[in-house]
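Everything on this sheet refers to the single structure shown next.
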Protein chains: 2
Amino acid sequence: MQESATPGGAPRRRVGRPRSGVLDRELIARASLKLVTSGGYTALTMSAVAKALGVSPSALYNHVESKQELMQWIQEIVMDGVDSSAFATHPLEQALLRWAASYRDIFVDHAPLIPLIAVLPVSGSPRTLQMYEEVAAGFTRAGWKQSQIIPSIVAIESFIFGSALDATAPLDIFDPGANAGNIPHFEGALAAQRATGNNSAEDAFITGLRAMITGLLANAELD
Amino acid sequence: MQESATPGGAPRRRVGRPRSGVLDRELIARASLKLVTSGGYTALTMSAVAKALGVSPSALYNHVESKQELMQWIQEIVMDGVDSSAFATHPLEQALLRWAASYRDIFVDHAPLIPLIAVLPVSGSPRTLQMYEEVAAGFTRAGWKQSQIIPSIVAIESFIFGSALDATAPLDIFDPGANAGNIPHFEGALAAQRATGNNSAEDAFITGLRAMITGLLANAELD
DNA sequence: ACCTGAACACCGTTCAAGT
DNA sequence: ACCTGAACACCGTTCAAGT
């Protein structure tokens, strides 16, 4: 999409440093991610990015079309942290468990990207496409019917995104407050879950992931 | 939380019309929801709500603490549309399928609420608590081990929220664009899914929901 | 008690002007 | 080609002043 994709007669820019100016996609993305890491997504403003780079906010718009595009750059970097290597080495079930756990863990720290990603065309993100390729290859090698691979991937991904959002919730999110008393079954279940001492979000993620993968494998029609 | 919950010596306000002023929680919530229905969540600004009510924006703050609280009011109303009645009449598996489908369908039209809800304490939403009670009762009647009920509910809910986000994605979201060619397994799977003629998001939702429920039932330890 | 109007402290983004 | 500074068109929210 960028330097790597300037074929033919496109105005070719020298590899490495640009000819003039201080800014760069790489520099902007890096500074942005640093801001997010230290202050969360509320700290990510065009002003803050510009300040971190010692430049005026309007200067950024010579290199990035919008804040939305900037967030796609961040997504590219974040997505690169997802570990999908297990598909090449492990049976599908275990590879899926590893991949999904890695995927979720990373997006717990980047929850504000989720509504964006869920809606963004993957064509803008080569790394995401590469990840899908590895996952799809895993399903194929396991003998899955081709037409069931995409729905299965999307289903797991939807669960991952939902779980990552859920993991950002406060621990006492289910506290019934003033409404306690009218909801015996729910309160009983809540008390029992608490008694296990498990983190609720983590517990739900593991339970749901195991269930979904078990269910997908059970319902799958193989070729 | 509101008029209905003013026990004891709390300053009781007459039912129906307030003593003075034009505004009201009911009126504000209704006008807000109307804005959302007609123009989506980008149309929901404090200015727009005020304008719809023929009042100045600052007037709203006599009745609502923040836009965030206003969105909680909307959530209350939206949540009321989720159909959890099947738990009282149907076996757990079928009740879960119905409930989840209803839940997702509703939140496809209210995706911007999802990041909010996933993080909001349920104590502020009696209707949400009531829904959880019905779902928990369904699990209990089916003989589930108490400590597994909450994780199972949260897992399904996470999947629902993720799927609702996914359903707002453009149809061509998976189009590999310029990166086509390097990703044979993914492209093959994509072509096969397309050949079915099914809506991709719908397909993934049904596949994932069936899988998760199958898996939860298979992995469950009953009492 | 509740509403108005002005003001505040932000946003992201545009654009003429400079180099 | 790239940066600056001023400006624009918004946000949500506060607050003194009125009734």
Side-chain angles (χ1 to χ4, degrees), chain A residues 2-3 6 9-29 31-33 35-36 39-75 112-113 115-116 120, chain B residues 2-3 6 10-29 31-32 35-36 39-75 112-113 115-116 120:
Chain A
Q2 190 79 343
E3 289 80 353
T6 6
R12 173 175 277 288
R13 82 169 36 170
R14 199 127 18 92
V15 229
R17 296 291 93 215
R19 292 192 310 136
S20 74
V22 194
L23 264 35
D24 196 307
R25 166 171 167 158
E26 193 71 20
L27 279 173
I28 295 173
S32 302
L33 195 57
L35 276 172
V36 167
Y41 279 84
T42 54
L44 184 70
T45 67
M46 298 305 270
S47 283
V49 175
K51 196 174 187 179
L53 291 164
V55 101
S56 92
S58 52
L60 296 173
Y61 289 89
N62 289 307
H63 306 270
V64 66
E65 260 189 15
S66 61
K67 188 182 178 181
Q68 169 111 345
E69 194 188 31
L70 198 162
M71 290 183 78
Q72 287 185 241
W73 294 357
I74 296 179
Q75 181 229 344
L113 289 180
L116 198 72
L120 236 50
Chain B
Q2 189 77 345
E3 289 81 352
T6 6
R12 173 174 278 286
R13 84 165 39 167
R14 197 129 21 92
V15 231
R17 299 290 93 216
R19 291 191 310 134
S20 76
V22 193
L23 265 33
D24 196 307
R25 166 170 169 160
E26 193 70 19
L27 279 173
I28 295 173
S32 302
L35 276 172
V36 167
Y41 279 84
T42 53
L44 185 70
T45 66
M46 298 305 270
S47 282
V49 174
K51 195 173 187 181
L53 292 164
V55 101
S56 92
S58 52
L60 297 173
Y61 290 88
N62 289 307
H63 302 88
V64 66
E65 262 188 13
S66 61
K67 187 182 178 181
Q68 169 112 346
E69 194 188 31
L70 198 162
M71 289 184 78
Q72 288 185 240
W73 294 356
I74 296 179
Q75 181 230 345
L113 288 179
L116 197 73
L120 236 50

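Below, chain A is the first sequence line, B the second, and so on; all start at residue 1. Everything numeric in this text was worked out from a predicted model, so none of it was measured.
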Involving DNA chain D, stems made of at least three consecutive Watson-Crick or G-U pairs, both distances under 3.5 Å: C:4-8 with D:12-16, C:12-16 with D:4-8
Whether His63(B) contacts dA1(C) is assessed here as follows: a side-chain N or O lying under 4.0 Å from the phosphate OP1 or OP2. Is that the case?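 Indeed not, no polar side-chain atom of His63(B) lies that close.
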Specify the separation, in whole Å, of atom [atom1] of [X] and atom [atom2] of [N].
| X | N | atom1 | atom2 | answer |
| --- | --- | --- | --- | --- |
| Arg25(A) | dA1(D) | CZ | P | 20 Å |
| Lys51(B) | dT4(C) | NZ | P | 14 Å |
| Lys67(B) | dC10(C) | NZ | P | 19 Å |
| Glu65(A) | dT14(C) | CD | P | 9 Å |
| Leu70(A) | dC11(C) | CG | P | 15 Å |
| Asn62(B) | dT19(D) | CG | P | 17 Å |
| Met46(A) | dA7(D) | CE | P | 21 Å |
| Gln68(A) | dC11(C) | CD | C1' | 16 Å |

From [atom1] ([X]) to [atom2] ([Y]), nearest 0.5 Å:
| X | Y | atom1 | atom2 | answer |
| --- | --- | --- | --- | --- |
| Leu60(A) | Glu69(A) | CG | CD | 12.0 Å |
| His63(B) | Glu26(B) | NE2 | CD | 13.0 Å |
| Ile74(A) | Gln72(A) | CD1 | CD | 11.0 Å |
| Met46(A) | Ser66(A) | CE | OG | 7.5 Å |
| Lys67(A) | Leu44(A) | NZ | CG | 5.0 Å |
| Leu116(A) | Tyr41(A) | CG | OH | 9.0 Å |

Under a 4.5 Å cut-off applied to non-hydrogen side-chain atoms, are Gln68(B) and Leu120(B) in contact? yes
If we only count heavy atoms from C-beta on, is the Val55(A) to Leu23(A) side-chain gap below 4.5 Å? yes
Using a strict heavy-atom distance below 4.0 Å, which residues from residues 52-61 of chain B are in contact with DNA chain C? Val55(B), Ser56(B), Ser58(B), Ala59(B)
Classify the side-chain pair Thr45(A)/Ser47(A) by whether it contains a donor and acceptor separated by less than 3.5 Å. no
